[in-house]
Number of protein chains: 2
Amino acid sequence: MEERKKQVLNAIIKDYIANAEPVGSRAVAKKYDLGVSPATIRNEMSDLTEDGYIEQPHTSAGRIPSAKGYRFYVDNLMERPPLRPEERQQVRQAMSGDLTELDDFMRNCCAMISRLTNYASIAAIPERGHGSVENIQLIPLNERQALVIILASTGIIRHKVIDLPGPISPAQLSAVERAMVKALRGAEMRSVSYELLDELLRKYQMQEAMAAQALDLLEQTLRPESSTRIFTGGATHMLSQPEFQDLEKLKSIFSLLEADNKLKELLEKVDPGKRTLTITIGGEMPVEGVKDCSMVVANYFVNGEKAGSIGVLGPTRMRYGRTVSLMETIAGELSRAMDEK
Amino acid sequence: MEERKKQVLNAIIKDYIANAEPVGSRAVAKKYDLGVSPATIRNEMSDLTEDGYIEQPHTSAGRIPSAKGYRFYVDNLMERPPLRPEERQQVRQAMSGDLTELDDFMRNCCAMISRLTNYASIAAIPERGHGSVENIQLIPLNERQALVIILASTGIIRHKVIDLPGPISPAQLSAVERAMVKALRGAEMRSVSYELLDELLRKYQMQEAMAAQALDLLEQTLRPESSTRIFTGGATHMLSQPEFQDLEKLKSIFSLLEADNKLKELLEKVDPGKRTLTITIGGEMPVEGVKDCSMVVANYFVNGEKAGSIGVLGPTRMRYGRTVSLMETIAGELSRAMDEK
DNA sequence: GTTAGCACTCGCTTGCTTCAAGTGCTAACA
DNA sequence: TGTTAGCACTTGAAGCAAGCGAGTGCTAAC
């Protein structure tokens with residue numbers, strides 16, 4: 001694409017992101033000093049429309065960016081302004097929270113993101129946690145129930161009340177506990193599975209009955225149905241976006257944000273995978289009802305392994321550059337906070 | 001109030017709750033068979049308007065109930081239809097969830113309420129829990145941190161990672177644990193405080209240094225800042241209420257529902273106290289921004305002591321009777337579920 | 001005390017006009 | 001050949017008047 005076309009596209013997108021109103025040739029010529037007249041801009045805009053980068057809501061209106069236009073902008077034109085000191089400060093503060101109360105920590109993190117971006121935020125953490133197993137404790141509650149506590153190397157604690165397969169004395173339970181610790185200390189949290197434990201326990205030649213009990217315990221604790229925990233924040237901000245004055249659109253956005261399983265699916269589908277960050281724009285969104293939205297999702301890592309993802313959901317008219325800068329910083333800080341311990 | 005006036009008021013409120021549109025004299029005469037003509041109804045309506053039970057949006061419209069009208073309705077006219085079997089079934093199912101995972105249980109409970117009412121739901125549980133202390137465990141994580149686990153008689157488990165006042169060996173910690181259990185087993189959860197523990201520990205003549213440590217532990221665990229936990233659900237339903245098509249109203253409702261501390265305050269102020277249930281209507285609402293809303297809040301009890309509250313937030317044009325029936329049932333079932341253990 | 005009748009009020013809808021923004025085309029210009 | 005000025009044209013939004021209809025309040029008769 002010729003340089004001037006890029007400049008025109010850039011001007012249109014910047015202006016539209018700022019004002020949420022169709023941009024005319026006159027406005028481009030006036031505000032963004034390209035050294036040419038509105039008529040020339042009009043010609044460029046006509047070309048850009050033909051190529052699908054911008055659209056006309058109706059004949060007598062200016063142009064608005066299309067999904068393709070945003071995509072080009074994000075890939076080629078966008079600047080990534082560094083965070084301002086006070087913003088960096090807010091990120092730091094959220095990160096200084098107590099990691100052992102992970103739920104509160106993540107909720108707080110979402111609140112911080114929404115405060116800084118004015119968009120909705122979504123975070124996912126794997127239920128099993130990450131890092132490696134540091135300790136396992138089995139605490140008898142009564143004859144038929146016990147509390148399993150797994151301490152991860154990240155400092156995060158998982159706990160779950162489980163039903164015992166049969167009456168087990170505290171002494172027996174403690175023997176099971178010792179065997180489990182021996183077998184699993186140092187293992188990767190995410191790799192701790194029914195199968196792994198089966199293998200390990202056989203290796204350590206636990207007696208058959210006890211092994212079966214331990215397996216059952218662990219399976220209950222790590223049951224896959226609760227494989228991801230979802231947090232959201234700042235949905236209210238959506239009400240203030242001029243493109244979401246339409247109640248129907250709001251309904252579909254809010255019902256998505258209230259449905260954890262749909263959010264799970266969404267986050268999985270837009271996951272950046274090995275990369276740190278991914279941007280999904282409008283029609284690229286993999287679920288219905290939020291085709292007018294964009295997402296910026298970042299992964300964070302513990303020991304080089306993906307530990308979770310966190311993102312923002314906003315209108316396609318999103319301040320991409322700023323949001324990307326923020327999410328990159330946050331993901332980096334999150335990785336650091338969890339690695340450190 | 002004369003019988004016929006009551007009938008007219010009842011008819012107007014019922015109709016307005018059902019259709020969300022001003023009710024005219026003709027409609028009342030036609031749909032609700034009072035055996036008199038529209039003209040007579042008009043006279044009654046004129047009186048009711050004068051007395052402030054109903055209002056006219058403008059001259060040529062019908063009447064809508066005022067807050068005073070709703071209040072009279074709720075106190076004198078309202079019927080409380082029993083739950084339908086399938087509704088009762090849904091309540092039962094939500095109550096059959098795992099109480100030890102109290103957060104999930106309450107979230108699920110809120111979801112059920114919102115599904116049945118189509119209003120937003122709010123629940124508060126005291127962080128300290130209720131019932132009495134059944135067991136306390138201190139688990140060393142490292143030299144400077146330990147995990148405190150408190151098992152309540154309700155079957156609910158509280159846990160918290162605390163920073164130790166100084167390096168304590170596992171043996172020492174276990175001595176502290178034994179002393180704490182001895183001192184506190186059977187005590188009321190809500191009464192477990194710094195002061196009580198101080199007294200108890202002295203009685204049991206723990207050595208000074210260890211007592212100080214134990215006190216510090218417990219104080220951290222029961223720190224008052226986290227005194228109530230709030231859950232919400234079904235905010236999306238508000239978007240479908242015809243009276244909340246106005247974005248500004250929605251904003252104030254949603255921002256309230258996102259602010260846990262404001263919800264805490266709200267629930268405290270509308271608390272039924274000793275009674276099971278309270279209804280707060282429109283202008284009676286104690287916080288700004290939800291003066292167009294009503295709330296039905298119910299308490300549930302463990303051993304005759306208030307254990308928490310749960311309620312719905314909807315438009316003043318709420319189906320009060322139905323909602324009251326539902327909330328009474330739920331509060332009853334909640335009390336039962338927590339008492340049983 | 002109740003009712004029929006009727007004039008009156010007032011918001012909502014419809015259709016019309018006007019306005020302003022912005023385009024696309026053409027012809028002139030450098 | 002690329003750029004620009006000029007201008008006719010399109011179209012949604014805003015403003016306005018007329019007509020409609022739901023509903024009222026009053027009066028007089030029952």
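Lettering follows sequence order; numbering is per chain, from 1.
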Of all residues at least two apart in sequence or in a different chain, which pass the salt bridge (charged side-chain N to carboxylate O under 4.0 Å, His left out) check with R80(A)?
E328(A)
Identified pairing partner of dT13(C), criterion: Watson-Crick or G-U wobble below 3.5 Å:
dA18(D)
S121(A) side chain to C110(A) main-chain N or O, any donor-acceptor pair under 3.5 Å?
yes
Quickly work out the I41(A) CD1 to dA5(D) P distance and round it to whole Å.
12 Å
Whole-Å gap separating C1' (dC26(D)) and CG (D47(B)):
15 Å
R71(A)/D75(A) ion pair, N-O < 4.0 Å:
yes
Nearest-Å distance, CD (Q56(A)) to C1' (dG22(C))?
8 Å
Is K68(B) reaching over with its side chain to a backbone N or O of D51(B), donor-acceptor style, under 3.5 angstrom?
yes
Quick one: does R26(A) reach the base of dG22(C) with a side-chain donor-acceptor pair under 3.5 Å?
no
Kindly say whether R319(B) contributes a backbone atom to a donor-acceptor pair with the side chain of T323(B) at under 3.5 angstrom?
yes
Can you tell me how the ring of F72(B) sits relative to the ring of Y53(B), calling it parallel under 30°, perpendicular over 60° and tilted otherwise?
perpendicular
In whole angstroms, the gap separating P of dT4(D) from CG of L34(A) amounts to 11 Å
Please tabulate, one pair per line, each protein N/O and nucleotide N/O from nucleotides 8-19 of chain D that are separated by under 3.5 Å, including the distance.
| from | atom 1 | to | atom 2 | distance (Å) |
| --- | --- | --- | --- | --- |
| dT11(D) | O2 | S60(A) | OG | 2.9 |

Looking at R322(B) and E87(B), does any basic side-chain N land under 4.0 Å from a carboxylate oxygen?
yes
Phosphate OP1/OP2 of dG25(D): any R63(B) side-chain N/O under 4.0 Å:
yes
Over how many whole Å does the gap from K30(A) atom NZ to dG22(C) atom P extend?
11 Å
Paired to dA28(D) by Watson-Crick or G-U wobble criteria (both distances under 3.5 Å) is dT3(C)
Measure CD1/I12(A) against P/dT23(C) and give the value in whole Å, please.
9 Å
Going by an N to O cut-off under 4.0 Å, is there a salt bridge joining R84(A) and E86(A)?
yes
Residues K269(A), E265(A): salt bridge by 4.0 Å N-O rule:
yes
Where do N or O atoms of nucleotides 1-3 of chain C meet protein N or O atoms at under 3.5 Å, pair by pair?
| from | atom 1 | to | atom 2 | distance (Å) |
| --- | --- | --- | --- | --- |
| dT2(C) | OP1 | R4(B) | NH1 | 2.8 |
| dT2(C) | OP2 | R4(B) | NH2 | 3.0 |
| dT3(C) | OP2 | S37(B) | N | 3.0 |
| dT3(C) | OP2 | T40(B) | OG1 | 2.4 |

Ignoring hydrogens and geometry beyond distance, is the side chain of R42(A) in donor-acceptor contact with the base of dG2(D) at under 3.5 Å?
no
Rounded to whole Å, CD of E50(B) lies from C1' of dG25(D) at a distance of 13 Å
Let me know the distance between CE of M45(B) and C1' of dT24(D), rounded to the nearest Å.
9 Å
